[in-house]
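Inspection log for the structure reproduced underneath, given as structure tokens.
Atoms within each ligand, like the ligands themselves, are counted from 1 in listed order.
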Amino acid sequence: MAEIAKPGNGRPERPGDPCLFVIFGATGDLTKRKLLPSLYNLAVHGLLPSHFAVVGAVRRDLDDATFRDDMGKALRDFATQPYDDDVWEGFRALLHVHSGDLGNVETYRGLAERLADLDRRHGTGGNVLFYLATPPEAFAEIVCHLGAAGLLRQEGERWRRVVIEKPFGRDIDSARALNTEVQQVLREDQVFRIDHYLGKETVQNLLVFRFANGIFEPVWNRRYIDHVQITVAEELGVEGRGAFYDRAGVLRDVIQNHAFALLSLVAMEPPSTLAGEAVRNEKVKVLEAIRPMQPEEILGASVRGQYGEGMVKGKKLPGYRAEPSVAPGSKTDTYAALRLQVDNWRWAGVPFYVRSGKRLARRDTRIVIQFKAPPLLLFRDAGLDTVEPNRLEIRIQPEESILVRMKAKVPGPAIRLQDVRLAFSYQDFGPLPQATGYERLLYDVMVGDATLYHRADMVEAAWKIATPILDLWESLPARDFPNYAAGSWGPAAADELLARDGRRWVNE
Ligand code: BG6
């Protein structure tokens, strides 16, 4: 079977370093749905450190036994691997809880003592990974308290690392402020800003696809590529997260982080190595090459939308404004499309169209590289005045595949052309391991590899692109919301955005 190379330095798989894994927000959804099942999957694959324990830092008064029972139930609900009593019994004994008000200094003094004790009991060598899975308002406060309690100090071989969930800020100023607070108590190599898109198998494969194959790189530029489309389409609505979403919107929630992360992997220059900083340097350079738009450019290069009610598979779905905890006159964007220009030698003049939305026709995350048409039309005699140019599609979810669309001659005496696909599907590797997508990311923190995490300058570069758009949208609230029906492909204006350039979105 072919082997899938992974980003990082190609080291052989070994269990993570011994450590205590402290989760802030341990009773929340993320812990139950993703973190716990991922740790369990790492245990099944023998990648969990030999000396390891989890400590849930929670506000509620909880004891270890109750926490373990709650987590056991969550695991039965959300495990992606078959639940195995033996693995769980071993894992259960590694779970602990520390209760206290996360805004209170005493909680952290107590936590320091608790960690010192658990470190002795579990032999974790003083290494601690703190995972901030709380609402974002708490990030700075927790990091400050951890610093003040001396919990972030590294000595000798002993490491202290902090994973920070999204959203990292809500515009350029707040992201910079958060970076400044974080950097007062942590070195950059201790900070892991997570983006779960970078844990997806096909996203990781992008680096391999581009840089382990020689045939695409020579044509990966403005001479051969007409434009690039990046789509992160969701079929789901806001799923009970109305209160959060109504203050965020799709530009903040998905485009500034996930979509821009995909764009940087597609457009970056080849790094000198596939290890940490080299990859991150190139990713930042691409985002920095996207010129932030002036207000007068923004309206012509962006489209925003909000879904109204719609019929999907014979079922009537409510509009966004009717979702629980959403303001009845909400102006929040649930759809956005942008035309971006990467101002560097490789990409000058090649538009990058990026779109994402909720309640669209289908779940579909896909990168389309549209090549230029052949320079000369040799098939006029066959009644063809235009030949659709080649297209490379990197499908990320739900289908995981890479395909090139080409023209081929239909067998027979006449010249008739037909679209055919050269396709590679992840299914070709056999049944795929059922994973949450967080396994690789968590493992990487345990071995200190930050390649798949966002560096401070990357987050700021992404906000520099998004903030002027958000500011303009806020100063000129949309008057036509809702402007697309649930279950459709978004507002008509998004089709016009491409039609004006003589192009169209690839939806099929
Ligand atoms: C999250 C957003 O970061 O990504 C959600 O907050 C969104 O609103 C989700 O639904 C999409 O992730 P995935 O992995 O389901 O494509």
Side-chain angles (χ1 to χ4, degrees), residues 25 28-35 37-38 41 78 80 131-137 139 163-170 175 192-206 230-263 265 304-307 317 320 323-326 330 332-336 354-367 394-400 426 432 434-442 452-454 458-459 462-463 466 470 486 490:
D29 236 29
L30 183 76
T31 305
K32 292 180 181 155
R33 286 174 188 272
K34 301 289 181 189
L35 302 184
S38 310
N41 288 347
F78 299 114
T80 60
Y131 196 112
L132 309 192
T134 61
E137 299 77 53
F139 294 163
V163 180
I164 305 182
E165 261 296 335
K166 66 171 282 252
F168 196 95
R170 54 179 282 111
F192 291 72
R193 296 172 195 77
I194 196 163
D195 180 333
H196 79 281
Y197 262 60
L198 297 176
K200 291 183 192 285
E201 201 61 67
T202 14
V203 174
Q204 295 178 51
N205 190 39
L206 257 167
I230 296 173
T231 296
V232 182
E234 295 191 76
E235 197 173 319
L236 294 176
V238 289
E239 305 303 298
R241 294 160 73 224
F244 158 78
Y245 197 87
D246 212 30
R247 293 196 307 117
V250 69
L251 197 64
R252 287 193 172 93
D253 187 43
V254 170
I255 292 192
Q256 180 273 342
N257 39 66
H258 308 324
F260 285 177
L262 297 180
L263 189 155
L265 288 170
R304 54 191 152 161
Q306 187 190 77
Y307 62 86
L317 293 175
Y320 174 70
E323 300 275 11
S325 310
V326 167
S330 172
T332 299
D333 45 297
T334 62
Y335 177 97
V354 177
R355 64 175 169 168
S356 178
K358 296 234 180 245
R359 281 273 189 255
L360 294 182
R362 213 182 40 243
R363 181 171 191 234
D364 187 355
T365 300
R366 197 194 305 194
I367 297 166
I394 300 167
R395 298 185 170 194
I396 292 163
Q397 61 187 22
E399 197 189 316
E400 298 179 292
Y426 257 68
L432 299 175
Q434 292 303 307
T436 64
Y438 274 69
E439 292 82 356
R440 161 109 265 135
L441 297 172
L442 297 186
L452 297 176
Y453 283 84
H454 292 319
M458 171 95 179
V459 175
W463 278 122
L470 289 166

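- Residue contact annotation: Glu239 has no non-hydrogen atom under 4.0 Å from ligand 1.
- Residue Arg362 places its CZ atom among more than 12 non-hydrogen atoms of other residues, nucleotides or ligands, all under 6.0 Å distant.
- Residue contact check: His258 has heavy atoms under 4.0 Å from atoms 1 (C), 3 (O), 4 (O) of ligand 1.
- Contact atoms of ligand 1 toward Gln397: 13 (P), 16 (O) (distance under 4.0 Å to a heavy atom of the residue).
- With contacts defined as side-chain heavy-atom distances shorter than 4.5 Å, the pair Asp29/Phe78 does not qualify.
- Counting only N and O atoms by type, the side chains of Tyr131 and Glu165 include a donor and acceptor under 3.5 Å apart.
- Listed by number with element, the atoms of ligand 1 under 4.0 angstrom from any heavy atom of Lys200 are 13 (P), 14 (O), 16 (O).
- Thr436 and Thr80 form no side-chain donor-acceptor contact under 3.5 Å, judged by distance and modelled atom types alone.
- Remark: ligand 1 and Tyr245 share no N or O pair separated by less than 3.5 Å (distance only, no angle test).
- The protein atom (non-hydrogen) at minimum distance from atom 10 (O) of ligand 1 is Glu234 OE1, 2.5 Å.
- In terms of protein heavy-atom proximity, atom 12 (O) of ligand 1 is closest to His196 NE2, 3.1 Å.
- Interatomic distance, Lys166 NZ to His196 NE2, rounded to the nearest 0.5 Å: 7.5 Å.
- Residue-ligand proximity, Lys166 to ligand 1, at heavy-atom distances under 4.0 Å covers atoms 1 (C), 2 (C), 3 (O), 6 (O).
- Considering only non-hydrogen atoms, atom 6 (O) of ligand 1 lies nearest to Asp253 out of Thr436, Asp253, Asp364.
- For ligand 1, the atoms lying closer than 4.0 Å to a non-hydrogen atom of Lys358 are 5 (C), 7 (C), 8 (O), 10 (O).
- Using 4.0 Å as the threshold, Tyr197 has a heavy atom nearer than that to some atom of ligand 1.
- Counting heavy atoms from C-beta outward, Tyr245 and Thr334 have side chains that approach closer than 4.5 Å.
- Among protein heavy atoms, the minimum distance from atom 15 (O) of ligand 1 is reached at Arg363 NH2, 3.5 Å.
- Using cut-offs of 30° and 60° for the angle between ring planes, the His258 and Tyr197 rings count as parallel.
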(request) Run the numbers on Tyr453 and Leu198 for side-chain contact (heavy atoms from CB on, under 4.5 Å), then give the verdict. (result) CA-CA 8 Å; Tyr453 283 84; Leu198 297 176; over 6 Å; no
